[in-house]
Amino acid sequence: MSTAATADASSSGDTTEGSVRLLTLQSEDGEVFEVKETIATQSVTIKGMVDDDCATSTIPVCNVTGRTLAMVIEWWNKHEIGAVSNEKELKEWESQFDTIDDKSDRDDVYDLLMAANYLNIPTLLDCCTSAVAEAIKGKSTDEMREFFDIKSDFDEKEEDALRKENQWAFEN
Amino acid sequence: MRRAGDRLSNLPNPIIYNILSLMDTKYAVRTCVLSKKWLFHWRYIHSLNFDTETFTKVSTFRKFVFHVLRRRRPFGVRRLKFLIDYNYRTKSRNSSVEKKVFDYAGSYGGREELETNFYSKLPESIVECQSLKTLKLSTYLSNEDFQDSFDLASLTTLQLSETSFSETHNNSFDIFSTCLNLENLILIDCSSYGREIFEISAPRLRNLSISGLSLQDSIKTKIVISTPSLVNLNISNLILQGMNIKDVVVISAPRLKFFNFQAKYRLTLSIEKCSNLEKMNVRVFPPVAWRETYNCEQGYMFDLLCITEGSYREKSIDILFKFSKGKFKSYHVDSGAETEVVEFIKEVEKKRLWFFDGVTAYQNIEAQLAAERLISL
């Protein structure tokens with residue numbers, strides 16, 4: 001069990017009272033997380049399952065590793081209504097996802113994007129897409145290829161033709 | 001489990017379209033040469049962001065815009081950002097680009113956000129858009145234009161920069177009264193002419209930020225914020241006509257929690273029915289020339305705070321006055337675990353601290369009392 005989920009379960013104190021239902025999520029690599037229903041329903045996908053009464057047994061979260069799922073749960077905890085007292089504090093916390101200059105940050109953001117896409121978590125999706133958009137902005141083609149590890153499969157002629165076709169985008 | 005290599009290109013297409021929709025469209029188009037996978041991605045962007053700032057030549061900007069409109073897949077534009085700078089306006093005799101862009105965006109439904117500094121009348125296809133939720137305008141508008149043009153009832157976010165609210169027949173006309181679903185209102189460097197009362201009373205408004213608002217052509221002026229759902233309030237840079245004690249800001253917001261106020265001039269701040277206020281920060285920094293004025297600091301104290309009603313459970317009030325060079329007064333109220341209130345006034349330059357029996361002072365925190373205390377100092 002991950003630390004994020006443990007902290008959540010022990011601090012909430014709701015587990016014994018039964019007033020808040022716990023959902024069991026299982027990551028692709030078999031890690032199991034217990035999460036309050038009120039928090040997990042920030043995922044539109046999970047909310048749909050709960051509404052349809054399909055969330056009674058363990059919910060498999062395909063294509064999402066335990067490591068990523070723990071980050072997602074941390075996101076949910078921060079974004080639960082009333083968890084953070086003001087918007088500014090939340091924005092500051094979110095700002096850790098803003099820069100993806102490090103390769104490891106980039107990998108985290110890709111993982112989170114895939115998870116946010118699968119689980120349909122609009123707030124997380126928005127945050128991660130804007131981080132990537134920020135990184136693309138203002139970079140030259142070569143810089144972009146290097147930064148994102150993109151291999152060009154155009155030959156020189158093809159690329160020149162494309163640049164000519166879209167020339168106004170490449171002028172400064 | 002980490003996959004190496006080019007993970008960006010392997011993201012699902014809708015995510016890539018989302019990413020490309022967030023940036024200036026010029027940068028989105030540039031991605032077409034990255035690799036064959038990227039060739040057509042930009043054509044599926046759901047939002048258009050055009051800004052003359054990213055172009056040095058007007059002619060290039062025009063050609064670029066036409067190019068994008070021709071090549072993009074024909075479907076709804078969710079967000080349209082269209083910003084043209086002053087140079088462009090003076091150089092461009094005809095407005096064919098503007099018209100083309102707005103007509104294009106208007107020809108499909110589903111638009112949610114519009115940001116522009118378009119300076120003449122907006123086309124009907126844009127303003128009649130029922131789905132519009134966010135509107136950011138920095139352009140001249142008169143009251144009538146504003147209320148007649150837009151279906152304000154559907155807006156949740158409205159940002160107005162450098163907007164003038166013109167004179168009306170009615171002295172206290174509330175321009176935002178038709179914004180029934182408005183949750184966020186941002187006013188930047190706006191001005192209002194010829195009315196005594198500038199009122200904001202949108203019923204669902206949660207966040208209000210006013211940075212720069214000038215009220216002109218009226219002998220006495222009053223800003224009334226009477227909002228049942230307001231939680232966050234930021235006010236800075238008010239420029240009121242009289243700069244005298246008759247200038248009043250009245251705040252009546254039962255759900256208000258956080259309030260930041262910055263002022264340069266002397267005015268009366270009247271806080272009514274704000275029983276949920278938790279944090280209040282007030283900063284009064286008059287211009288240097290004013291700070292030396294006789295009795296200036298007393299004047300500020302007199303006028304500043306007038307809490308007129310209800311029980312208050314502020315966890316902290318922090319008031320800072322700068323009234324002469326290098327010298328300021330700080331007034332701090334803090335409620336601890338047993339709701340004990342400590343209040344002190346310090347003058348930093350003289351290194352003196354004054355402590356009071358906070359509870360009584362707190363309960364009677366009225367302009368008059370605060371003033372008497374200051375005189376006795």
Side-chain angles (χ1 to χ4, degrees), chain A residues 27-29 63-68 85-88 100 103-104 106-111 113-114 116-118 122 125-126 128-142 144-145 147-154 158-172, chain B residues 1-39 42-43 47 49 54-57 59-68 71 184 206-207 231-232 234 257-258 260 278-279 315:
Chain A
S27 71
E28 183 191 49
D29 50 349
N63 294 320
V64 180
T65 62
R67 190 176 173 280
T68 308
S85 63
N86 66 60
E87 298 268 320
K88 207 177 146 202
I100 53 168
K103 176 97 176 57
S104 63
R106 230 140 50 219
D107 276 325
D108 282 348
V109 164
Y110 294 138
D111 289 338
L113 270 173
M114 296 304 286
N117 189 48
Y118 176 74
L125 207 52
D126 286 351
C128 295
T129 45
S130 44
V132 180
E134 280 301 317
I136 291 177
K137 260 188 215 176
K139 280 197 172 61
S140 71
T141 311
D142 287 337
M144 264 190 271
R145 282 186 188 137
F147 191 85
F148 293 106
D149 221 341
I150 299 171
K151 302 266 180 301
S152 171
D153 44 8
F154 290 120
E158 286 172 321
E159 189 173 326
D160 285 348
L162 261 177
R163 280 179 188 271
K164 194 151 186 281
E165 189 193 328
N166 298 283
Q167 55 179 297
W168 308 284
F170 293 97
E171 278 177 37
N172 280 313
Chain B
M1 286 294 305
R2 290 289 162 113
R3 284 157 214 119
D6 177 10
R7 296 189 61 191
L8 181 65
S9 301
N10 291 321
L11 289 173
N13 284 352
I15 293 187
I16 292 180
Y17 305 154
N18 262 330
I19 291 169
L20 295 180
S21 298
L22 285 172
M23 62 189 75
D24 192 291
T25 302
K26 184 178 177 177
Y27 301 131
V29 176
R30 280 184 183 183
T31 61
C32 72
V33 298
L34 286 175
S35 74
K36 282 179 182 158
K37 255 190 182 167
W38 286 83
L39 189 53
W42 75 265
R43 300 187 185 196
S47 300
N49 301 298
T54 54
F55 292 85
T56 43
K57 276 194 265 167
S59 56
T60 315
F61 175 73
R62 288 165 47 90
K63 282 174 187 158
F64 174 73
V65 170
F66 288 136
H67 176 69
V68 169
R71 298 298 171 92
N184 309 295
R206 283 176 55 84
N207 304 301
V231 178
N232 297 300
N234 285 296
K257 274 190 179 171
F258 307 104
N260 287 307
E278 283 178 15
K279 257 187 189 168
K315 285 177 188 136

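The figures here come from the full heavy-atom set of this structure, side chains too, leaving out hydrogens, waters and symmetry mates. Quick note on labels: first sequence line is chain A, next is B, and so on, each numbered from 1.
A search for ring pair (Phe, Tyr, Trp, His ring centres under 6.0 Å) contacts involving B:Tyr27 returns nothing, not counting sequence neighbours. Taking B:Phe55 as the reference, B:Phe61, B:Phe64 meet the ring pair (Phe, Tyr, Trp, His ring centres under 6.0 Å) condition, with sequence neighbours excluded.
Heavy-atom pairs under 4.5 Å with chain A were tallied for B:Leu34, B:Val29, B:Asp24, B:Ile15; the largest tally goes to B:Leu34. Chain B forms more heavy-atom pairs under 4.5 Å with one residue of A:Val109, A:Asp153, A:Val132 than with any other, namely A:Asp153. Taking chain A as the reference chain and counting heavy-atom pairs below 4.5 Å, the highest number among B:Leu11, B:Ile16, B:Asn18 is found for B:Leu11. Most heavy-atom pairs under 4.5 Å with chain A: of the set B:Arg71, B:Lys37, B:His67, this distinction falls to B:His67.
A:Arg163 has no carboxylate O lying under 4.0 Å from a charged side-chain N of A:Asp160, or vice versa, which leaves the two without a salt bridge.
In this structure, the side chain of B:Arg30 engages the main chain of A:Ala169 through a donor-acceptor pair within 3.5 Å.
Looking at B:Thr60, both its backbone and its side chain come within 4.5 Å of chain A, counting heavy atoms on both sides. Interface remark: A:Glu134 contributes no atoms to any contact with chain B (heavy atom separation under 4.5 Å).
For the atom pair A:Met144 CE and B:Leu8 CG, the distance stands at 10.0 Å (nearest 0.5 Å).
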